[in-house]
Structures are given as structure tokens and as C-alpha cells.
Number of protein chains: 2
Amino acid sequence: MSRETRYLILAEGFSADAHYGKTMRGVLRYRRDDVAVILDSTRNAGDTEGGVPVVRTVAEAKEHAPNTALVGVATQGGRFPPAWLDLLKECIEEGLDIENGLHVFLSEDPNLEELAHRHGVELRDLRKPPRDLSTATGANLAVPATIVLTVGSDCAIGKMTVSLELDREARARGIESEFVPTGQTGIAIAGWGIAVDAVVADFIAGAAERLVVEGHERGGELLWVEGQGSLINPVYSGVTLGLYHGSTPHLLVLCHETGREEIEGCGGGPHPIPPLRDLVELHERTALPARQAKVAAIALNTRRLVDDDDARAAIAAAENETGLPADDPVRFGAAKLVDAVLLHKG
Amino acid sequence: MSRETRYLILAEGFSADAHYGKTMRGVLRYRRDDVAVILDSTRNAGDTEGGVPVVRTVAEAKEHAPNTALVGVATQGGRFPPAWLDLLKECIEEGLDIENGLHVFLSEDPNLEELAHRHGVELRDLRKPPRDLSTATGANLAVPATIVLTVGSDCAIGKMTVSLELDREARARGIESEFVPTGQTGIAIAGWGIAVDAVVADFIAGAAERLVVEGHERGGELLWVEGQGSLINPVYSGVTLGLYHGSTPHLLVLCHETGREEIEGCGGGPHPIPPLRDLVELHERTALPARQAKVAAIALNTRRLVDDDDARAAIAAAENETGLPADDPVRFGAAKLVDAVLLHKG
């Protein structure tokens with residue numbers, strides 16, 4: 001994007017929600033300087049999120065001079081609640097570009113396109129796949145970089161955050177490191193990528209292959225591929241395995257949230273999460289014969305534990321259970337997990 | 001379809017190819033009476049396939065009075081070789097409806113649509129997903145039927161054929177049995193279904209769920225879900241796992257082709273196929289915790305073995321290796337495999 005982005009994050013009804021507000025939280029954490037204001041009419045006057053004012057109307061938001069409205073919620077299935085369309089029209093009429101990470105493409109809505117054209121603004125669908133995407137070719141296995149994929153026990157437990165934190169730590173050490181975005185939030189943060197969950201099912205691995213090839217072309221010798229879903233998530237496991245096999249990782253970082261015992265947000269359950277040691281074995285067992293990925297470390301999301309000592313105890317327990325290095329890179333820094341990866345990288 | 005279908009199968013360049021001619025072969029085997037003629041300009045005058053004349057031009061084909069042209073090849077990635085468009089236009093100009101199972105949708109080509117409209121013919125894209133498709137809800141786990149999914153060591157080894165043969169045998173026994181089509185060939189044969197490899201990646205399990213729900217609504221107490229790809233196929237494994245978890249099978253029939261030692265048709269290899277016992281373990285290991293699928297039997301494709309005794313020996317070896325009933329349902333009938341499934345069904 002040419003000009004500096006000043007985001008109005010649209011988080012209507014979800015700005016306080018850890019799961020459905022995940023795009024907002026990711027952008028707040030990693031593009032804080034580009035966020036001017038957040039909109040959520042269900043919040044109280046004077047509320048803030050991560051130090052950013054939360055307002056209740058587009059009119060109020062205008063006072064903070066945003067130039068781009070970012071859809072900051074990821075609804076299940078990625079469709080738009082009808083009321084949202086009015087909100088988007090209001091933003092367009094106020095002259096704001098729109099960035100949308102949902103499965104419904106604004107640029108394919110003739111009315112919105114016409115309105116955007118009339119007001120000279122751009123509709124950017126972050127999840128819209130490249131037109132020329134196709135099946136994987138095997139070029140992934142030829143990428144001369146170390147590829148590290150985050151996998152996990154469920155969705156929305158911090159796989160993207162772990163990849164971003166480990167990339168930041170590796171860069172700080174002077175390593176040619178690249179974060180490889182595979183979802184709408186990662187794309188909003190990094191400014192490139194393909195939402196692998198939005199491509200034609202036959203092309204998941206092809207999209208993942210293209211991403212690791214591009215990650216290396218961008219100068220990455222160490223690629224941190226943003227994971228999606230979970231091999232045991234009944235709704236999204238297909239995307240997870242396609243991304244796994246298509247990105248051909250050498251190493252995996254297994255992400256888990258302390259205290260989460262069941263897959264969340266899917267019906268027909270209960271869908272229990274197996275022990276960490278079983279998840280390590282499952283992920284190594286499902287590696288491609290041609291690229292035997294190993295789990296290098298456990299990234300534990302300890303946000304539910306208030307006390308740091310409790311968090312350290314949970315991390316120690318994960319290490320005892322799996323025999324692998326574990327840490328919470330958000331809470332205690334990414335050094336230990338990067339060390340573990342570099343040890344394997346050799 | 002109201003009137004009786006008389007197919008002209010378009011198999012240009014591939015009519016003698018077991019893999020890329022797979023749609024043609026499936027329709028020839030299971031809708032033989034509806035096939036009038038096959039077109040492939042690379043064949044010799046007087047050639048036949050399965051007793052159907054193979055001609056070299058649309059003009060010659062017209063003598064057999066077809067009313068529908070079926071795209072009979074499945075190219076990798078599902079795109080159209082450019083020369084094909086001229087062939088399709090010629091068919092449209094001759095007044096033939098078109099059925100297309102590739103990823104490129106003819107109904108989205110304005111020129112073809114206009115031409116079809118002008119000649120009063122219909123363009124049917126078998127792989128075009130339902131507009132209202134979304135993520136899985138858990139309704140799959142509530143379907144009151146026994147669900148049997150075919151899985152396999154690779155693509156194009158006969159998973160669809162095994163599902164169709166076992167469905168036919170079950171029907172012959174008076175069981176309320178339904179074949180559940182998940183790919184373009186199955187859809188062309190059964191006249192319903194969703195091509196799960198063509199849906200948005202996030203919706204694979206949602207599509208599979210809808211198919212087992214509909215299979216039961218159609219009266220199926222025993223559902224034979226057509227498998228796709230393979231958990232160890234680097235190109236298509238995402239579709240395979242999404243279909244597996246989304247169709248929530250109680251039982252699996254593991255399909256393998258005797259003599260196939262590597263995954264075919266994908267680069268970056270070699271991609272060795274593990275021993276059958278490892279494949280059984282892998283498939284049971286990757287079942288959803290909420291639906292612990294078991295492998296009920298092995299379906300062995302012995303087409304590469306000329307001698308029946310060699311085929312029987314290969315089947316016996318598969319049984320010794322896995323401790324499961326095995327047979328080649330095409331060569332020796334589906335009774336043994338249906339017995340194995342009903343044993344588990346209880």
C-alpha cells in the first residue's frame with residue numbers, strides 16, 4: 001500500500017472476544033502503530049483495547065482520521081452478518097478503503113463495487129485466492145530453506161502469534177527469517193500471503209507450496225509458516241493436513257493452550273483433545289514419507305493462568321510429558337523455542 | 001434429467017489412459033446403456049472402448065445420435081487444455097448439452113454461455129459447489145445410518161468403483177443402501193452429489209457432512225461414501241482428511257492396487273507407499289476422537305495381475321499382512337467385502 005495505513009478496525013459485537021476478534025487482536029499486537037480506532041457499538045463510551053479507543057459509530061471513528069476499515073472479526077464459515085453490509089456501506093461513503101478477510105468477497109458484490117467506485121475507495125479481499133492457483137508440483141520439497149510449521153491442538157490458540165514471535169526473535173539474532181502468512185490475519189499483518197482455507201480444496205497444498213517458494217524468494221533461509229486449524233478439529237482438519245503436506249516443513253512447533261480440554265466451536269461433540277504426547281506422535285506419524293517432519297518444541301499458551309509460577313509449572317509439565325523443550329513465547333519470550341528449532345536446523 | 005441421456009464422451013487423447021480417462025471408464029462401467037459414442041481423434045478408425053465405438057470427429061459422433069457431451073477426462077488440477085474449448089463449441093453448435101467435471105466452470109465463460117443460449121443447450125458443471133455451502137455443524141455425527149468410507153494408498157486406484165460395487169451387492173441383498181458421490185465421476189454416474197475437491201477448503205467437511213445427511217434422506221441405512229485422494233498423497237491429502245472427518249465414517253474399506261509402490265503423478269518424489277499394515281494403522285490413528293473409525297476390509301485392485309491365481313495369492317498375502325478380510329470386488333465379486341462390513345455393522 002502506497003500511503004500509510006490508518007486502520008478503523010470493525011469489530012462490531014466481538015471486540016472483547018478472544019476467538020472471533022482474532023484478526024483485530026493480531027493487527028493490534030503486530031501493527032499497533034497503524035491502528036487509529038476500533039468500532040464496536042456494544043462497548044461502553046471510553047473503552048479501549050490495547051490502548052486504542054473503542055467507539056460506537058463510524059461518525060465517532062472519523063475523529064481519529066482512519067483511511068482504511070479492516071473487518072476485524074472472523075465469523076465461523078467466514079460469512080457476513082447482514083447488518084454488517086450497512087456498516088461497510090457507511091465506511092465506503094465516508095471514503096474509507098475496506099480490507100476484508102471473510103470468505104464472502106466484497107469485490108464480487110456489484111452494489112458495493114459500484115459504491116466504492118463512486119467514492120473512489122478500494123475493496124481488498126484478503127482471502128481472495130490468486131487466479132492462477134493449481135495443484136502442488138513438488139517445488140516445495142526443493143526450497144533451500146528450513147521450513148517450520150506451527151501446528152496445534154485446536155484453532156485460535158495462537159499458532160500465528162507463535163510463528164510471528166519466533167520470526168521476530170530469529171530476526172533479532174540476524175537470521176534471514178520470514179513469517180509466511182496463510183490466513184487473513186497474517187496477510188493483514190505481513191501484507192502478502194494466501195489464505196489457504198479459502199482456496200479450492202484441491203489446491204490447498206498448491207497454495208502452501210507457492211507460499212514457501214515465495215517465502216524463500218523474499219530472502220528467507222528460515223521460514224515460519226503460520227499454521228491453520230488442527231488435525232483433530234472436525235471442521236478444519238482438511239486445511240490443516242493440506243497446509244502441512246504442501247508446506248513440507250522440516251520441523252513443527254506444536255501449540256496448545258493450557259486448560260483447553262476440548263475442541264471449541266464445533267458441534268456433535270464432545271471432541272476431546274488428546275494428551276500432548278499423543279499429539280506429537282500423531283503429527284510426526286502423518287508427515288509425508290518424503291519429508292519426515294519432527295516436532296522441535298511445544299509452544300504453550302498459558303493466558304488462562306494468572307500466576308507466572310503456575311505458567312512455569314505448566315511449561316515444566318509439558319516438557320516432562322513430551323521430552324521436548326516448551327515455553328510460552330508471548331509470556332516469557334521466544335528465545336528458548338528458537339534455540340530448540342536452531343538445534344534441529346543444525 | 002428429463003429425457004434419456006445419450007452421451008458423447010469427450011476423451012480426446014486420453015480414451016486409452018487408465019488415470020486421466022477415469023471419468024469415461026466410470027460412466028462406461030456403470031451407465032453403459034446411456035453411452036452412445038466416444039470421441040478421441042488420436043485413436044484408429046474402428047476402435048472401441050467397452051464395446052462403444054470410438055470416433056475421431058464430432059461429425060462422425062453425430063451419426064450415433066448423442067444428446068449430451070460429457071467431458072470424460074480428469075486432467076490434474078482440473079483445467080482445460082486450450083484446444084478443448086474449440087471442441088466444446090463444436091458440440092454446442094451441434095446442439096449437445098455439456099456435462100463438465102473439471103475445476104474450470106463452463107457456465108462462467110460468457111462466450112460459451114452465450115453460445116449455449118443461442119443453440120438452446122445446457123452447460124452443467126458437475127463440480128460446481130452449492131452456493132449455500134458452509135462449515136460442518138456436527139449433524140454428520142447424528143446421521144442414523146452406518147457410514148462406510150473408501151480410503152486408499154493413492155488416487156485413481158478404484159475407491160469409487162469399490163464403493164459402487166459394494167453398494168450394488170448390498171442392494172442385491174435387499175439392504176437400504178446408498179452410494180454417496182463425492183467427485184465428478186460419481187456425480188455423473190449417480191446424478192447427485194458434491195465434488196468435495198472443488199469446494200472452498202474451509203467447507204470440505206461441511207460438504208461431506210451434507211452428503212451423508214442427504215444420503216440418509218434418500219433412504220440409505222448403509223452409506224457407501226466415495227473416497228478421494230489419499231492421506232499420503234502430497235497433492236490431495238487435505239481433501240482426503242476433510243472428507244474423512246466430515247463424512248464421520250464408522251468403517252473404512254482400505255483400497256490398494258497390487259504392484260503400486262509409489263504415489264503416482266506428483267513431483268518432488270519419490271513418494272513411497274508404506275506397507276498395508278502401516279496404512280491401516282495410519283487411517284485408524286487419524287480418526288476423529290468422536291468417531292473412532294475402524295478398517296473393516298481391504299479392497300485390492302489386482303488389474304496388473306493377468307493370472308487369477310496370482311490375484312488370489314496377492315489377496316491372501318494382504319489378509320496375512322493385515323489380519324483383515326481382503327478381496328478384489330471387481331474381479332471376484334463384492335460378497336466377501338460386504339460380509340466383512342456387515343459383520344462390524346452388527
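Just so it is clear, the values below take in all heavy atoms, side chains as well, and ignore hydrogens, waters and symmetry mates.
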- Message: A quick test of your reading: do over 12 heavy atoms of other residues, nucleotides or ligands sit less than 6.0 Å from CD of A:Glu261?
- Response: no

- Looking at B:Pro234, B:Gly242, B:Ala207, B:Gly269, which has the largest count of heavy-atom pairs under 4.5 Å with chain A? B:Pro234

- What part of A:Leu282 lies closer than 4.5 angstrom to a heavy atom of chain B: side chain, backbone, both or neither? both

- Message: I need the minimum non-hydrogen distance between A:Pro270 and B:Ala290, along with the two atoms involved.
- Response: O-CB, 3.8 Å

- Taking the side chain as every heavy atom from C-beta outward, state whether A:Asp202 and B:Val239 have any atom pair closer than 4.5 Å. yes

- Looking only at A:Ile273, A:Ile263, A:Val199, A:Asn233, the option with the highest number of non-hydrogen pairs under 4.5 Å against chain B is A:Val199

- How long is the span from the CG atom in A:Leu141 to the NE2 atom in B:His271, to the nearest 0.5 Å? 5.5 Å

- Query: Using non-hydrogen atoms only, which part of B:Asp278 is less than 4.5 Å away from chain A: side chain, backbone, both, or neither?
  - Reply: both

- Contact summary for A:Pro289 and B:Pro272, nearest pair of heavy atoms: CG-O, 3.8 Å

- Note on the structure: Rounded to the nearest 0.5 angstrom, the CG-CD1 distance for A:Leu241 and B:Ile204 is 9.5 Å

- Item | Part of A:Ser237 lying under 4.5 Å from any heavy atom of chain B | both

- Query: Any idea which of B:Asn140, B:Thr286, B:Thr137 has the most non-hydrogen atom pairs under 4.5 angstrom with chain A?
  - Reply: B:Thr137

- Message: For B:Pro129, which atoms come within 4.5 Å of any heavy atom of chain A: side chain, backbone, both, or neither?
- Response: neither

- Query: If we only count heavy atoms from C-beta on, is the A:Val200 to B:Arg127 side-chain gap below 4.5 Å?
  - Reply: no

